[in-house]
Each structure stands twice: as C-alpha cells, then as structure tokens.
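Below is one structure; the comments refer to it alone.
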Amino acid sequence: MSNDTTTKPEIPATMRAVSQDAHGGPEVLHLVEKEVPAPGLGEVLVRVRAAGVNPTDYKHRSGRRFLGDPPYVLGWDVSGVVVAVGIGATLYRPGDEVFGMLPYAYGAGSHAEYVTGPTRAFAPKPSSLDHVRAAAVPLAALTAWQALVDTADLKAGQKVLVHAAAGGVGHFAVQIAKARGAHVVGTASAAKHGFVTGLGADEVVDYTSQDFTEAVKDADVVLETVSPDNALKSLDSLKPGGIVVSILPTGTDRLASEARGRGLRGAEMVVEHDQAGMRAIGALVDAGALRPEVAGVFPLEKAADAHREGETGRVQGKLVLSVSEG
C-alpha cells in the first residue's frame, strides 16, 4: 500500500483544444471540446499552462508538412504541470512543473488544456521563468542547440553566422553560440540590430542592404533558417572545412553534395525531442545566459490571431498561447 499522501489533482473528462477540419488559412482553426487523454506507457499527462507557436504550426495548418489530413490539434511547445503518470513513468510526479517539446512531428497536441507525452520529452521548468516564457523556449531553442552543438560541434573561438538572428530560432542561436565562446555574426533588418546586439552578437549584417557573403567569408559555422537557396549561398561565407546547418530539410542531397565538392560540409536537420538538450538549455536559462523574447501572448481561443501575426514574418522572438492558470 502506498504511503504517498499527496493530493492528486482532479482531472476533468473533457478539455478545450484548438483544432481544424481542413487545411487552409488561420480561419480554419476553432475551439473544440475533446476527451482528456490518459497517459500511456512511460508517459505523463500535463495540464498545459502555456504553449509556444512556431512556423511549423502555420505550415502544418496549411497542409505543407507531415501530419496528413485533419482533424488534429497542433502545437509542440509546452510548459505546464504534471497531473498524472502512466505505467513505468518514474521521472515525474503529479505537481511537478515541466517544459518540453513533444516528439516532432507526430506528437503534436499542446494547443489544448491537457496533453500527454513521453517523460523524456520534458525537463524541469527553469525556476527563473514563468510558464508563458518557458513555453517560448523548447522547439526553437532545441533546434538551435542541436544545430550548433550536436551537428556543428561549435567550439570557443569559432565564428558563427546566424541567419534571421532576431527570429525564434535565431535569437536563441545567438545566445547559445555566445555561451559557448563563439564570435557571433547575425543577419537582421536595420530596425532589429539593437535587439540582436543586445542578445550578444558581435556583428550584425543588414541583409536588406548588404550581401552577407561579402560581409562574412570566414565563418566556421552558418545556421541557415531562411530558405534552401540561402543555404547554398551560405557556403560562400565558410572557411575551408566549415559547415552550413540548415533547419529547412529538402529531402535531397543537394546541400551536402555541393558542400563536399568545395571542401566544405552541409547538413539538413529536423529537431528531435531531447531531454538532455532541454536540461542543458534550462541550465543556461537559470544561469542568465539564455532568455526567451516573447513577442506576443494570445489566449487559446485566439490561436488564429497568433497564426496571423506569425505569418507576417515580422515577429521578434516567439509567440505564445496562454492556456490555463492556477
């Protein structure tokens, strides 16, 4: 018989979620009532306090990605509180505050009041962040971490060029690269230069008025977040042996092949859920070396407005859905 006297939270039968019945513009998103899922083997059930919104959400909503046909609930970023654990799940107990990224791409579902996921998709929420700011971190920061640390093996003293340095992935990449002792160059419009230098960038290139390949010719690493064509162009910014890491996989060998022919390296990556990476990111946050920029917060029922804002391409940092309180 268990001696655990912890009061377990009451879990309702149904929850609100943002769903869609067809692919299309933001107008296809609507609130629905769904059954609260039960955690499966090795899973936890999390009451979602806040959930990040990412460009991949817009792309899946419009039908240009991996989830097949709707209906489905989008959202991979989550910050919240564990309310139940499945069989064999030992890392967390009800009441634990966690943040993380659900398995990409088929684990979506955080744009709802409750979500299940494997325990190792989550890490303890940084104590220095509230849930809204914590929800802005996982997918974008993990993408930057896996590109720079795991794929490029960025080292102190190296030079890294970060494209779209004021964006969701970019603003985390600048900070992660600085934390690893790199010299960081970011691309951004002139209006965002102050923000990017405030993140720690050593140099900023205005891509609207200057060719970045003329400004940077000796990078060890380029993080490409703009387009496959820009990834190929970025090879011109590398020194011999350097690497371009693109987070926009094309499913072809074009970047790697072109890079090999020039004595360079090219890699296309897709972000993966990663507890070790989340813990490392959380440690940087609590050490004051990494901070999320939240560009806007929307209630769950205004998810369509968040998508509209995100698709303007002018967002500085991240957009977040505030889902529940208490």
Side-chain angles (χ1 to χ4, degrees), residues 1-19 31-54 57 67 71-139 141-142 271-279 281-282 285-286 299-301 303 320-326:
M1 180 176 178
S2 172
N3 293 320
D4 185 359
T5 59
T6 302
T7 301
K8 291 183 170 57
E10 184 175 341
I11 302 170
T14 62
M15 65 178 183
R16 297 184 308 151
V18 177
S19 187
L31 276 181
V32 297
E33 286 283 326
K34 291 177 62 70
E35 185 177 339
V36 173
L41 191 70
E43 290 187 331
V44 292
L45 174 66
V46 174
R47 185 177 183 190
V48 180
R49 299 296 192 212
V53 182
N54 294 285
D57 292 302
L67 294 181
Y72 45 65
V73 176
L74 294 172
W76 287 269
D77 281 336
V78 59
S79 183
V81 181
V82 174
V83 293
V85 300
I87 295 172
T90 61
L91 296 183
Y92 304 110
R93 301 175 63 183
D96 288 343
E97 294 189 314
V98 296
F99 78 144
M101 188 194 87
L102 301 174
Y104 189 83
Y106 305 106
S110 70
H111 293 173
E113 291 178 317
Y114 292 85
V115 72
T116 57
T119 57
R120 294 178 192 277
F122 300 97
K125 182 183 73 66
S127 59
S128 58
L129 297 182
D130 60 19
H131 284 292
V132 166
R133 294 172 67 218
V137 174
L139 187 149
L142 268 181
V271 65
E272 302 173 66
H273 71 284
D274 173 11
Q275 188 189 65
M278 286 302 305
R279 286 181 176 271
I281 288 164
V285 170
D286 279 338
L300 186 64
E301 61 270 19
V320 177
L321 300 179
S322 178
V323 179
S324 64
E325 299 178 354

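Every residue was checked against the side-chain hydrogen bond (donor to acceptor under 3.5 Å, both in side chains) condition with E272, not counting sequence neighbours, and none meets it. Under the side-chain contact (heavy atoms from CB on, under 4.5 Å) criterion, E35 pairs with no residue at all, not counting sequence neighbours. Contacts of Y104 classified as ring pair (Phe, Tyr, Trp, His ring centres under 6.0 Å), with partners at least two apart in sequence or in another chain: W76.
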query = For V18 and L74, what are the C-alpha separation, side-chain angles and deciding distance, and is it a side-chain contact (heavy atoms from CB on, under 4.5 Å)?
reply = CA-CA 7 Å; V18 177; L74 294 172; over 6 Å; no
key: Working for side-chain contact (heavy atoms from CB on, under 4.5 Å), residues V36 and L45   = CA-CA 9 Å; V36 173; L45 174 66; 4.1 Å; yes
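Checked by atom type and distance alone, the side chain of Y92 never pairs as donor or acceptor with a backbone atom of V98 at under 3.5 Å. One N or O on the side chain of S110 and one on the backbone of G75 form a donor-acceptor pair closer than 3.5 Å.
A123 and R279 make their closest contact through CB-CG, 3.9 Å (heavy atoms, listed as atom of the first residue, atom of the second, distance). When all heavy atoms of E43 and A89 are compared, the closest pair comes out as O-CB, 3.6 Å. Residue A112 comes nearest to M15 through the heavy atom pair CB-CE, 3.9 Å, listed as atom of the first residue, atom of the second, then distance. In this structure, P126 and G282 approach most closely via the heavy-atom pair CG-CA, 3.9 Å. The two atoms that bring V32 and K34 nearest to each other are CG2-CG, 3.7 Å, heavy atoms only. Of all heavy-atom pairs between L67 and A108, the closest is CD1-CB, 4.3 Å.
Residues Q275 and T119 fail the side-chain proximity criterion, which asks for heavy atoms closer than 4.5 Å. Proximity of D96 to L91: side-chain heavy atoms (C-beta onward) are nowhere separated by under 4.5 Å. Contact check for F122 versus M278: no side-chain heavy atoms found under the 4.5 Å cut-off. Taking the side chain as every heavy atom from C-beta outward, V137 and L129 approach each other to under 4.5 Å. Counting heavy atoms from C-beta on, the side chains of Y114 and V48 never come closer than 4.5 Å.
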Hey, can you pull the donor-acceptor pairs under 3.5 Å for the side chains in residues 77-87, sequence neighbours left out?
unit_1	atom_1	unit_2	atom_2	d
D77	OD1	L139	N	2.6
D77	OD2	N54	ND2	2.9
D77	OD2	K318	NZ	3.0
S79	OG	H131	ND1	2.8

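Residue pairs meeting the salt bridge (Lys or Arg N to Asp or Glu O under 4.0 Å) criterion with at least one member in residues 99-110: none, sequence neighbours excluded. Sorted by first and then second residue, the salt bridge (Lys or Arg N to Asp or Glu O under 4.0 Å) pairs with a member in residues 114-124 form an empty list; sequence neighbours excluded.
For the residue pair S324 / E113, no side-chain donor-acceptor distance below 3.5 Å is found, with atom types taken as modelled.
L31 CG to E301 CD: the interatomic distance, rounded to the nearest 0.5 Å, is 6.0 Å. Once rounded to the nearest 0.5 Å, the distance linking CG of L142 with CD1 of I281 reads 4.0 Å.
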